[in-house]
Amino acid sequence: MFYLIGLLSVIFFALAISVISKSIKLNKALVADENTDSALDSNNNANAYGMIIFWALGTIAGVWSFLVAQPDFLPVAASEHGLRTDSMFWVSMAVVTFAFFATNTLLLFFAFKYRYNKNRKATFYPVNHKLELIWTVIPAIVMAILVFTGWRTWRDITSQAPSDAVVIEITGHQFGWYVRYGGNDDNQLGNYNYKLIDETNNIGIDFTDKHSFDDFTATELHLPKGKPVLLKIHAQDVLHSVYLPFHRVKMDAVPGMPTKFWFTPNMSTDEMRAKLGKKDFNFKLNCTEICGRGHFGMAITVFVDEPEDYAKWCAEQKPFLATNPTYLAKVPENLKAKASKYIPAEPVAVDSAAAPAEEAVSVN
């Protein structure tokens, strides 16, 4: 493709030199003999046919580049919201491409059709209010429809999540993501407070809130297929951005300003592997904000499970309080009895919050 672009650049540069050369010769001819139209006709014809050739070559090159680039397009979206976003994108592309093609075709065709002819007299046509209204109002209506459609899509995906949505907290930091689930008992995230952050409680979970008792953390993101997922997004240091490319999800993580996004995955990891023909494919959650020197490695693996597999995975997770029973001391006295049921009789060996940092990966 680079060679073709280079070749086209050389051709267009040569055409430009040719046009300039002919223009210079034309001016000289006009100065030499103002009554001679032969040189003028010849150069006008050359320019007119050159425009038609340019239009044909440009059209072929545009179609060719679109077809060649298709393998590099993102595959079908893996979420309901992604399908809607893709549909809106392609409708917008179709409208813009049609307008670009139609206006440039008319521009070059008129330059060809109405090239200089000594036997033709130009018509004085200063203004046509009806025509002005038509080509102003129609584009305005089309643009308004596109903007309104985009606004409706944005409103829907940032609106209140369904009551049965799985609630997951994503917290960005240099250079990784902390993941917290609302727990298996109440599916509600407990409060957090940055003042409570320490070497183990790196999210700052507030254990004065009873909803925190069953919260568990993870170093990978599991999502249930076919069920709404609400991401509650935070950042601890600088600006980050949550990006799930195959689910068409992107939302900034801003320090001090929680954001959210909800969507419904509609394709499991296994189904996407089969579709792409890649047995080792995994979804990724990346950072798309240049947040520092380690930005490139700020990603975690995302698994979209069938509902029964997701339920099984959740059941296997241990609450943060169970893996770190010393935090029972931070629970108010009147809630200790409720929190104590999450404290195992035997110490839990695995501490999920102290798991290794997220792996540095790229999107497959």
Side-chain angles (χ1 to χ4, degrees), residues 72-75 77-79 81-82 85 154 157-158 166-182 189-206 212 215-223 229-263 265 269 280-304 317 320 323-324 327 350-364:
D72 296 324
F73 291 177
L74 283 175
S79 70
H81 141 261
T85 303
W154 178 253
I157 61 181
T158 56
V166 175
V167 182
I168 305 173
E169 181 185 71
I170 304 291
T171 303
H173 66 99
Q174 291 178 315
F175 299 96
W177 301 99
Y178 296 130
V179 179
R180 181 166 65 122
Y181 285 77
L189 288 168
N191 293 335
Y192 73 99
N193 189 328
Y194 73 93
K195 296 180 180 179
L196 301 175
I197 292 175
D198 56 35
E199 66 277 7
T200 303
N201 185 10
N202 44 31
I203 301 175
I205 302 174
D206 182 2
S212 301
D215 292 358
F216 62 85
T217 59
T219 55
E220 57 190 22
L221 187 61
H222 281 256
L223 307 175
V229 174
L230 171 62
L231 298 183
K232 291 191 172 182
I233 302 167
H234 309 283
Q236 289 186 339
D237 36 39
V238 299
L239 194 65
H240 301 285
S241 187
V242 171
Y243 182 42
L244 290 153
F246 287 85
H247 300 90
R248 311 295 196 265
V249 172
K250 185 178 184 301
M251 178 62 74
D252 282 352
V254 185
M257 190 176 77
T259 53
K260 64 179 182 179
F261 197 107
W262 78 269
F263 62 103
T269 297
D280 58 348
F281 169 83
N282 283 315
F283 296 114
K284 296 294 177 184
L285 189 158
N286 300 81
C287 175
T288 53
E289 205 71 54
I290 307 300
C291 57
R293 297 178 64 183
H295 157 76
F296 67 93
M298 193 169 166
I300 59 174
T301 303
V302 179
F303 295 97
V304 179
Q317 306 308 304
F320 180 90
T323 55
N324 301 276
Y327 284 85
V350 179
D351 186 346
S352 60
E358 294 78 359
E359 56 183 331
V361 290
S362 60
V363 178
N364 292 322

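Distance check, rounded to the nearest 0.5 Å: CG of Asp206 to CG of Leu196 gives 5.5 Å. We find the CE-CG distance between Met298 and Leu285 to be 8.5 Å, quoted to the nearest 0.5 Å. Between the CZ atom in Phe320 and the CG atom in Asp215 there is a gap of 10.0 Å [rounded to 0.5 Å]. Expressed to the nearest 0.5 Å, how far CG of Asn202 lies from CD1 of Ile197 amounts to 7.5 Å. Once rounded to the nearest 0.5 Å, the distance linking CG of Asp237 with SG of Cys291 reads 7.5 Å.
Contact check for Lys232 versus Pro258: no side-chain heavy atoms found under the 4.5 Å cut-off. Counting heavy atoms from C-beta outward, Leu230 and Val166 have side chains that stay 4.5 Å or more apart. Looking at Val179 and Thr219, their side chains never come closer than 4.5 Å, going by heavy atoms from C-beta outward. Side chains of Asn286 and Pro245 form a contact here, defined as non-hydrogen atoms less than 4.5 Å apart. Using a 4.5 Å heavy-atom cutoff, the side chains of His234 and Thr259 are not in contact. Counting heavy atoms from C-beta on, the side chains of Gln174 and His240 come closer than 4.5 Å.
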Determine, step by step, whether Tyr178 and His173 satisfy the ring-ring contact (aromatic ring centres under 6.0 Å, His included) criterion, reporting the C-alpha distance in whole Å, the side-chain angles of both residues, the deciding distance to 0.1 Å, and the verdict.
CA-CA 8 Å; Tyr178 296 130; His173 66 99; 4.0 Å; yes
Evaluate the criterion side-chain contact (heavy atoms from CB on, under 4.5 Å) for residue pair Tyr243 and Val249; output intermediate values, then yes/no.
CA-CA 6 Å; Tyr243 182 42; Val249 172; over 6 Å; no
Between Leu223 and Phe263, is a side-chain contact (heavy atoms from CB on, under 4.5 Å) present by the stated rule, with each step listed?
CA-CA 10 Å; Leu223 307 175; Phe263 62 103; 3.9 Å; yes
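Shown here are the ring pair (Phe, Tyr, Trp, His ring centres under 6.0 Å) partners of Tyr181, two or more places apart in sequence or in another chain: Phe216, Trp313. Residues forming a side chain to side chain contact (heavy atoms under 4.5 Å, CB included) with Thr269 (at least two apart in sequence, or on another chain): Arg273, Asn282, Phe283, Phe303, Val304. With sequence neighbours excluded, the residues forming a side chain to side chain contact (heavy atoms under 4.5 Å, CB included) with Asp198 are Thr200, Asn201, Tyr327, listed by chain and number. Under the side chain to side chain donor-acceptor pair (under 3.5 Å) criterion, Ser241 pairs with Lys250, Asp252, Thr288, sequence neighbours left out. The side chain to side chain donor-acceptor pair (under 3.5 Å) test applied to Asn193 returns no partner, not counting sequence neighbours.
Closest heavy-atom contact between His81 and Arg248: CE1-O, 2.6 Å. Here the shortest heavy-atom pairing between Pro265 and Val229 reads CD-CG2, 4.0 Å. Heavy atoms only, all atoms of each residue included: Cys287 and Trp177 are closest at CB-CZ2, 3.7 Å. When every heavy atom of Ala77 is checked against every heavy atom of Gly82, the shortest pair comes out as CB-C, 3.4 Å. Pairing each heavy atom of Lys284 with each of Thr301, the nearest pair is NZ-OG1, 2.8 Å. Residues Ile168 and His222 share a closest heavy-atom pair of CD1-O, 4.0 Å.
For the salt bridge (charged side-chain N to carboxylate O under 4.0 Å, His left out) condition, the pairs that include at least one residue of residues 168-179, sequence neighbours left out, are Glu169-Arg180.
A donor-acceptor pair is defined here as one N or O able to donate and one able to accept, closer than 3.5 Å; no such pair exists between the side chain of Thr171 and the backbone of Ala235. Without hydrogens or angle criteria, Glu289 side chain to His295 main chain gives no donor-acceptor distance under 3.5 Å.
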